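Notes for the one structure printed next.
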Amino acid sequence: SSSSTAAPLPEEDCMKLNPSFLGIALSSLLAIDLWASKRLGVCAGEGSAWGSARPLMKVIEVSGHGIPWLLGTFYGLCQSDSSAAREVLLNLLFALLLDLVLVAVVKGLVKRRRPTHNKMDMFVTISVDKYSFPSGHATRAALVCRFVLHHLVLAVPLRVLVVLWALVVGISRVMLGRHNVTDVLFGLLLGYALYSVVEYCWLSPLSAPALFALW
């Protein structure tokens with residue numbers, strides 16, 4: 001009789017005792033992600049399996065960093081004497097700034113910590129860079145890759161190199177221990193989708209005359 005009158009378990013305790021299929025799947029995915037990320041972080045430190053390749057990975061890291069891309073795009077915009085080139089560069093600058101803001105917002109909302117095996121010796125970081133999801137390098141690489149392929153006339157070998165660069169930047173984030181695998185995968189998808197937003201909001205002398213009047 002005492003058992004029949006016992007108070008029911010709180011709802012959250014019932015959920016812990018009877019986890020949903022979705023909860024089990026997400027927990028399993030997270031465990032696999034953490035395990036694979038640690039195994040693939042072969043350049044996370046000098047004593048790692050591929051520690052000798054760490055300097056090369058850090059060069060690749062800089063190649064996908066936002067500051068060189070922003071400064072280079074702004075410099076090209078100032079030096080350009082072609083209206084068509086200025087239009088492309090202005091939209092690339094807009095895309096890079098949009099990417100920085102979006103990644104910072106998502107990182108601030110998700111607040112996923114970086115892998116425990118990561119060394120915080122990254123090139124020029126800001127406050128939200130202590131968070132891991134998504135990979136800003138991956139979003140930028142995918143965004144720039146699509147932008148370059150659509151707006152520059154390149155020979156096939158160079159187009160292949162641009163795609164390979166974007167993939168290598170993403171892979172290097174896991175190898176350096178900066179990010180988990182899912183951080184990079186989501187970042188690549190986000191950057192790929194972000195280009196479509198830039199195309200939809202394309203800045204031109206007709207849509208944004210004030211901006212083009214500055215140049």
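As a basis for the values below, the full set of heavy atoms in this structure was taken, side chains included, without hydrogen atoms, waters or symmetry mates. Quick caveat: nothing in here was measured; it's all calculated off a predicted structure.
Put simply, CG on D33 and CG on N180 are 4.5 Å apart, with the number rounded to the nearest 0.5 Å. Going from atom CG of D129 over to atom NZ of K107 covers 4.5 Å, rounded to the nearest 0.5 Å. For the atom pair CZ (R54) and CG (L176), the distance works out to 5.5 Å, reported to the nearest 0.5 Å. Here the CZ atom belonging to R114 is positioned 11.5 Å from the NZ atom belonging to K130, to the nearest 0.5 angstrom. The distance from the CE atom of M175 to the CH2 atom of W50 is 5.0 Å, given to the nearest 0.5 Å. Note that the CD1 atom of I32 and the OG atom of S27 stand 11.0 Å from one another [nearest 0.5 Å].
You'll find the side chain of S37 stays beyond 4.5 Å of the side chain of H179, heavy atoms only. Looking only at side-chain heavy atoms (C-beta outward), L30 and T182 stay at 4.5 Å or farther from each other. Between L158 and L161 there is a side-chain heavy-atom pair separated by less than 4.5 Å. The shortest distance between side-chain heavy atoms of V144 and V162 does not fall below 4.5 Å. You'll find the side chain of L194 stays beyond 4.5 Å of the side chain of T139, heavy atoms only. In this structure, L190 and F186 have side chains that are in contact, with non-hydrogen atoms separated by less than 4.5 Å. Side-chain contact between D121 and K58: present, with at least one pair of heavy atoms (C-beta onward) separated by less than 4.5 Å. E46 is listed as a side-chain neighbour of K119, based on a closest heavy-atom distance under 4.5 Å.
When all heavy atoms are compared, the tightest approach of L143 to A95 is CD2-O, 3.5 Å. In terms of heavy-atom proximity, A53 sits nearest to C43 at CB-SG, 4.1 Å. Shown here for L89 and L77, the closest heavy-atom pair between the two residues is CD1-N, 3.7 Å. Heavy-atom minimum distance, S52 versus P55: O-CD, 3.4 Å. The heavy-atom pair separating S80 from A85 by the smallest distance is OG-CB, 3.3 Å. Among all heavy-atom pairs drawn from D99 and G136, the shortest one is OD2-O, 4.2 Å.
Ring geometry, F147 versus Y195: the interplanar angle exceeds 60°, so the pair is classed perpendicular (tilted spans 30 to 60°). Relative ring orientation between W69 and W165 is described as tilted, the plane-to-plane angle lying within the 30° to 60° band.
A 6.0 Å sphere centred on NZ of K111 holds no more than 12 heavy atoms belonging to other residues, nucleotides or ligands. Within 6.0 Å of CZ in F94 there are more than 12 heavy atoms belonging to other residues, nucleotides or ligands.
Cluster membership check: L203 shares its hydrophobic cluster with L70, using side-chain heavy-atom separations under 4.5 Å among Ile, Leu, Val, Met, Phe, Trp and Tyr. Hydrophobic clustering (ILVMFWY, side-chain heavy atoms < 4.5 Å, transitive): L97 and W202 are in one cluster. Under a hydrophobic clustering in which Ile, Leu, Val, Met, Phe, Trp and Tyr are joined whenever their side-chain heavy atoms come within less than 4.5 Å, directly or via other members, V184 and I171 fall into different clusters. Residues L189 and V103 do not share a hydrophobic cluster, defined by chaining ILVMFWY side chains whose heavy atoms lie under 4.5 Å apart. No continuous path of hydrophobic side-chain contacts links V160 to V148 [ILVMFWY only; heavy atoms under 4.5 Å].
Here D183 pairs with R112, S132 under the side chain to side chain donor-acceptor pair (under 3.5 Å) rule; sequence neighbours left out.
In terms of modelled atom types and a separation under 3.5 Å, the side chain of R159 and the main chain of L149 share a donor-acceptor contact. Distance alone, capped at 3.5 Å, is enough to place a donor-acceptor pair between the H137 side chain and the E61 backbone.
A salt bridge does not link R146 to E199: none of the charged side-chain nitrogens sits closer than 4.0 Å to a carboxylate oxygen.
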